[in-house]
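Notes follow the structure.
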Protein chains: 2
Amino acid sequence: MSLPEGRKTARQRLIISELALSPTVRTSTLAQRFGVSIETIRRDIEELTRRGIVDRTYGGASGRQLGTQPNFSDRDVEAIPERDQIARIAASLVTRGAVVMIDTGSTTARLAQVLAARDEPMTVITNGLPIASAFLRTDRVRVVVCPGELSPREQGVYGSETCGFVQRFYADIAFIGASGLTTEGPTDVEMEACWVKRAMLERSERRVLLIDSTKFGRRHLEVVCPLSSLSDIITDQGPEKEIADRLAATNVVLHTEEPGYGDGGWNYKLPSQNADLNRE
Amino acid sequence: MSLPEGRKTARQRLIISELALSPTVRTSTLAQRFGVSIETIRRDIEELTRRGIVDRTYGGASGRQLGTQPNFSDRDVEAIPERDQIARIAASLVTRGAVVMIDTGSTTARLAQVLAARDEPMTVITNGLPIASAFLRTDRVRVVVCPGELSPREQGVYGSETCGFVQRFYADIAFIGASGLTTEGPTDVEMEACWVKRAMLERSERRVLLIDSTKFGRRHLEVVCPLSSLSDIITDQGPEKEIADRLAATNVVLHTEEPGYGDGGWNYKLPSQNADLNRE
DNA sequence: CATATTATGTGGATCATACCACAGAACTCT
DNA sequence: AGAGTTCTGTGGTATGATCCACATAATATG
């Protein structure tokens, strides 16, 4: 053996390259192909998963989600399952053919992915580059991009151009994000971004805030709007009593449950809030 | 609300949208989330697999070939070295602090990469998502995004919104792409895209066409503008005599080598503007 | 060379999923 | 409303996968 490369390393390399071709691989198949025991492959996959290179699945492994841009680098990866749940709930509020405004942000970007996968007729008005990009593969979705100055931090545009543009439209539903939520309302760090959010809220019938529970109680530079300006808040778990009370007093609907199927009709409530140790 | 959508259809739609978020899903997880039996989910997945929408895996399903973007990425990989050379030449025309309009397209996207790597003070006005995204990691570049309707094919926006917006500005230099070049001028397949290009040309001091040599002679739906409306054409190798003569007659500068001009294709000396940083 | 370290294989208990057939439920259509 | 079709759940069994502990092989290390 003149190979300077250990058999283990070579095997793992092959596993990775196999995943470049097919979205998933099976432990048993690999074991047979490499002529090693299943247990060995399992340990390989376990190691690669620990190193974050592949994702482990039940019978094998899958390539790591490269579908989305590795943007929002800092905190975007933090609460993925929670954000996905929020995105699913949010998507269930969107009816066929609706006009939807979507603020830029990492959570709203997940929503865009879900909506894009549905590829139903609808119109999306957005100031977020990742949101617009998510719809590049769709046929039936009409996407209107707002003008403005690009903010690398927000990965979207803002400014008076943006606000003025948004105000020319009227939407059925608006989805905004925020970096904090207090009893006064959603808060954000970026003044200009707040103005865009406000413009979207003003011009939409239904006004939905997407926010994960890690942001409860955080107060930032500026309050976007009073709680009463919202019609819905979607989050992964209920906020503390103080905020919840305030919401109840102002007719804001709080969504924390996964959507059942069918938006208008029956919401299937799940027996348990699933806790989902989903290793994928 | 009263959509004639069966539970089964709704469920399958949710499965698909779930696969937009995560590369794989598990039968058991879905069954629990939807409150149906595992067997039902298995039948859903089986059907979706038969229809070619998802791939069945051992414990569930995985998304089908989500690796590549359909339209633009295919073309984007085609003539990479040529496009990079074009992009480097183009970048050398951009002076510090300039106001630059950049049309959407795969070649102009490479230009954006080069400019973004330089990260010098300048203002970019663009209708292309990949162009805007390229500047997300820069500090000193001010990026203005045009409004308009998103075209998946062009990966950018167009429409009267876009044109009207562009016409409000005045730039030092504009870079446009095209899908063909004839003696009449650059041609393109997309009517709306042509209008945006024209608007950019009208509002810029210097008007530069980026086009690789594979597109010479191709005539498409519409002529963007006469050759004489351009001030520069940047390409990888000189066009046939007919076009070259026409260019010479109309004062259009043809760039095929890095400024400084050499022959033999080897001297890629970079100008003072130092495009050396272009590869990260 | 002996010894530590790392890699790999084996067997069995446990759990998850696949598969099949049938029955009841829900829906469709006249 | 009734008959036919489609959809869904249940139970049982077979198969495959996980996990664990330990043994053995391969490789490094002094």
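In what follows, chains carry the letters A, B, and so on, assigned in the order in which the sequence lines appear, proteins first and then strands, with residues in each chain numbered from 1. Just the heavy atoms: all of them, side chains too, but no hydrogens, waters or symmetry mates, feed the values below.
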Whole-Å gap separating P (D:dC19) and CD1 (A:Ile41): 16 Å
State, without any angle test, whether A:Thr104 and A:Asn127 hold a side-chain donor-acceptor pair at a distance under 3.5 Å. no
OP1, OP2 of D:dC7 versus side-chain N and O of B:Thr40: anything below 4.0 Å? no
Expressed in angstrom and rounded to an integer, what is the separation of B:Ile45 atom CD1 from C:dC19 atom P? 12 Å
Indicate whether OP1 or OP2 belonging to D:dT8 is found under 4.0 Å from a side-chain N or O atom of B:Arg11. yes
Spacing of A:Phe34 atom CZ relative to C:dG9 atom C1', expressed in whole Å: 17 Å
By nearest-heavy-atom nucleotide on DNA chain D, the more 5' of B:Tyr58 and B:Ser37 is B:Ser37
Rounded to the nearest Å, what distance is computed from the CG atom of residue A:Asp44 to the P atom of nucleotide D:dA17? 16 Å
I'd like to know if A:Arg142 pairs up with B:Glu149 as an ion pair, taking the criterion as any Lys NZ or Arg NE/NH1/NH2 lying under 4.0 Å from an Asp or Glu carboxylate oxygen. yes
Could you point out which residue of A:Met200, A:Arg198, A:Arg203 forms a side-chain contact (heavy atoms from CB on, under 4.5 Å) with A:Gln167? A:Arg203
What is the distance, to the nearest angstrom, from the CD1 atom on A:Ile38 to the C1' atom on D:dG16? 8 Å
Closest to the side chain of B:Arg42, out of C:dA18, C:dT17, C:dG9, is C:dA18
Position toward the 5' end of DNA chain D (nearest nucleotide), A:Arg26 or A:Glu39: A:Arg26
Does a side-chain N or O from B:Arg43 land closer than 4.0 Å to OP1 or OP2 of D:dT6, or not? no
Whole angstroms only, please: what is the CG-C1' distance between A:Leu30 and C:dT8? 16 Å
A:Ile125 side, atom CD1; A:Ser204 side, atom OG - distance, nearest 0.5 Å: 8.0 Å
Nearest non-hydrogen partners of A:Leu136 and B:Leu150, listed with the distance: CD2-CD2, 3.9 Å
In whole Å, what is the span from the CD atom of B:Gln32 to the C1' atom of D:dG9? 17 Å
Which nucleotide in the list C:dT8, D:dT18, D:dT8 gets nearest to the side chain of A:Thr27? D:dT18
Check the distance between D:dA17's P and A:Glu46's CD and give it to me in whole angstrom. 17 Å
Is it the case that over 12 heavy atoms from other parts of the model lie below 6.0 angstrom from the CD atom of A:Gln32? no
So, are B:Glu39 and B:Arg42 salt-bridged, with charged N and O less than 4.0 Å apart? yes
Axis bend over the full length of the helix from C:dC1-D:dG30 to C:dT30-D:dA1, computed from five pairs that close each end, to 10 degrees: 50°
